[in-house]
Amino acid sequence: MKLSTHLDSARPERAHHPRPGGLTPGRGLLFVGLAAVSWGTAGAAAALLFDLSGLGPVTLTFWRTAGGLALLLAVLPLVRRHARPGRGATHRAYPRPAHPGRAAPRGAGRATRVAVTGLGLTVFQTGYFAGVQHTGLAVATVITLGAAPVLIALGGRLWLGEHLGRGGTVAVAGALAGLTVLALGGHGGEEAAVRPAGVAFALLSAVGYSAITVYARWLGRHAAAPDAWSTTLSSFAVCGACLLPFAVWEGLLPTGERLLESLLLLLYLAAVPTAAGYALYFAGLAVVRAATASVIALTEPLAAAVLAVVLLGERLGGATVAGSAVLLTAVLALVLGEARSGAGVGREVRGNRRRAAASGHRGSVVAGDGEDTAPVGE
């Protein structure tokens, strides 16, 4: 799954302009969709590796982040060169501090940001792979991706004072109902794929992602938003450093008779759903609104569910399917509700700009205007 684009959760919506190299909004949508599908395959690769390699969830997360970090560092100069000003690249807007001229508040420093995002990524990714190991790919993915938006909405209400509104409250209630059906309704027979340990790990994964995103929203209100690539790379580095000793204890190298297959799957995990997935996502997000990308990201649990049934032979009971459907419908309602809210804020911001221009003043829009949400992904 993706380091959910907590990296973009505090950015204003951007106009859809073609990028150099012919990156149009249509191609950007394709890139984001391909990224979401690639993230949906990460859990399938992990499930196969659990059987083939003898590796555990901590070690798989370590190799994914370490390998992904190495590959992203290798392509970073090319990305920076294409995004260099003067080559026709669209300028990416970042919010300014909410109170220009004042020092950033405590908790907005680079070291704190790197620590929060890195530790959050560690919990997020490791919890997800542990959930896949204990309760299966489809259920772990749906629970993680379904619970995270609910926790983010609740965290925004408690710590940031964000208002859910009637529609948001109904959507959160529906998502909780879907989670309940999913967690409690899958214990009736051979088809049941829901196990308490796996549910707990998937929920822990959602907590890790939600902490990153709520912190990013707070950061967007009080300090300048960081560069997405830099934050991703530093988070991967922190995650790898945190997990290395535990991976050594769990068993760092794959074992078994099918060693070549295990190595190829590890390479796939680092290259496709990690390095390529992030590269496609960041390229697409340059011309696709984050709220739109949030909807496209729902492709990920669907891709994971298809792979779970077709490739891994998982059999999902009626309660599991019903709970997943209710949960994903509620998440879609949350995403669309936030997209409408962001559009309303954007109209207010444009009105403020027009009034400021008419009165001869400039630069009156503060950070947080036009705030949008980022997709949740692995």
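Residue numbers start at 1 and run along the sequence shown.
Scanning for side-chain hydrogen bond (donor to acceptor under 3.5 Å, both in side chains) contacts around T59 gives E250, with sequence neighbours left out. With sequence neighbours excluded, the residues satisfying side-chain contact (heavy atoms from CB on, under 4.5 Å) with A36 are W39, T299. Applying the side-chain contact (heavy atoms from CB on, under 4.5 Å) criterion to V207, with sequence neighbours excluded, gives L151. Scored by the side-chain hydrogen bond (donor to acceptor under 3.5 Å, both in side chains) test, R157 finds no partners at all (sequence neighbours excluded). Applying the side-chain hydrogen bond (donor to acceptor under 3.5 Å, both in side chains) criterion to S262, with sequence neighbours excluded, gives no partner residue. For the side-chain contact (heavy atoms from CB on, under 4.5 Å) test, residues two or more places apart in sequence or in another chain that qualify with A47 are V132, L312. Here V309 pairs with L316 under the side-chain contact (heavy atoms from CB on, under 4.5 Å) rule; sequence neighbours left out.
In this structure, F201 and H134 have tilted ring planes: the angle between them lies in the 30° to 60° band.
Annotation: side chain of P254 is in contact with side chain of L263 (closest heavy-atom distance under 4.5 Å). For the pair W218 and V214, the minimum side-chain heavy-atom distance is 4.5 Å or more. Using a 4.5 Å heavy-atom cutoff, the side chains of L55 and L266 are in contact.
Across all non-hydrogen atoms, the minimal contact from L269 to A45 is CD1-CB, 4.1 Å.
Grouping Ile, Leu, Val, Met, Phe, Trp and Tyr by side-chain contacts under 4.5 Å, direct or through others, puts L260 with L264. Members clustered with L158: W159, by chain and number, using a 4.5 Å side-chain heavy-atom cutoff among hydrophobic residues. L204 shares a hydrophobic cluster with V123; the chain of contacts runs through ILVMFWY side chains whose heavy atoms sit under 4.5 Å apart. Residue V272 belongs to a hydrophobic cluster whose other members are Y268, with links defined by side-chain heavy atoms closer than 4.5 Å.
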Practice problem: Please report the C-alpha distance between Y278 and F236 in whole Å, then the side-chain angles of each, then the deciding distance to 0.1 Å, and finally whether the ring-ring contact (aromatic ring centres under 6.0 Å, His included) criterion is met. | Solution: CA-CA 12 Å; Y278 280 106; F236 277 22; 5.4 Å; yes
Exercise. Test side chain to side chain contact (heavy atoms under 4.5 Å, CB included) on L48 and L311 and set out the steps.
Key: CA-CA 10 Å; L48 292 172; L311 181 63; 4.2 Å; yes
Quiz prompt | Audit row: Y281, L34, side chain to side chain contact (heavy atoms under 4.5 Å, CB included) steps and yes/no | solution = CA-CA 8 Å; Y281 175 77; L34 289 174; over 6 Å; no
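A distance-only check finds no donor-acceptor pair linking the side chain of S205 to the backbone of Q125 [under 3.5 Å]. R113 places no side-chain N or O within 3.5 Å of a backbone atom of A216 that could act as its donor or acceptor partner.
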Show me the donor-acceptor pairs, under 3.5 Å and distance only, between side chains in residues 65-78 and residues at least two apart or in other chains.
unit_1, atom_1, unit_2, atom_2, d
T65, OG1, T61, O, 2.9
T65, OG1, F62, O, 3.0

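The only member of L137, V142, I143 that meets side-chain contact (heavy atoms from CB on, under 4.5 Å) when paired with V139 is I143.
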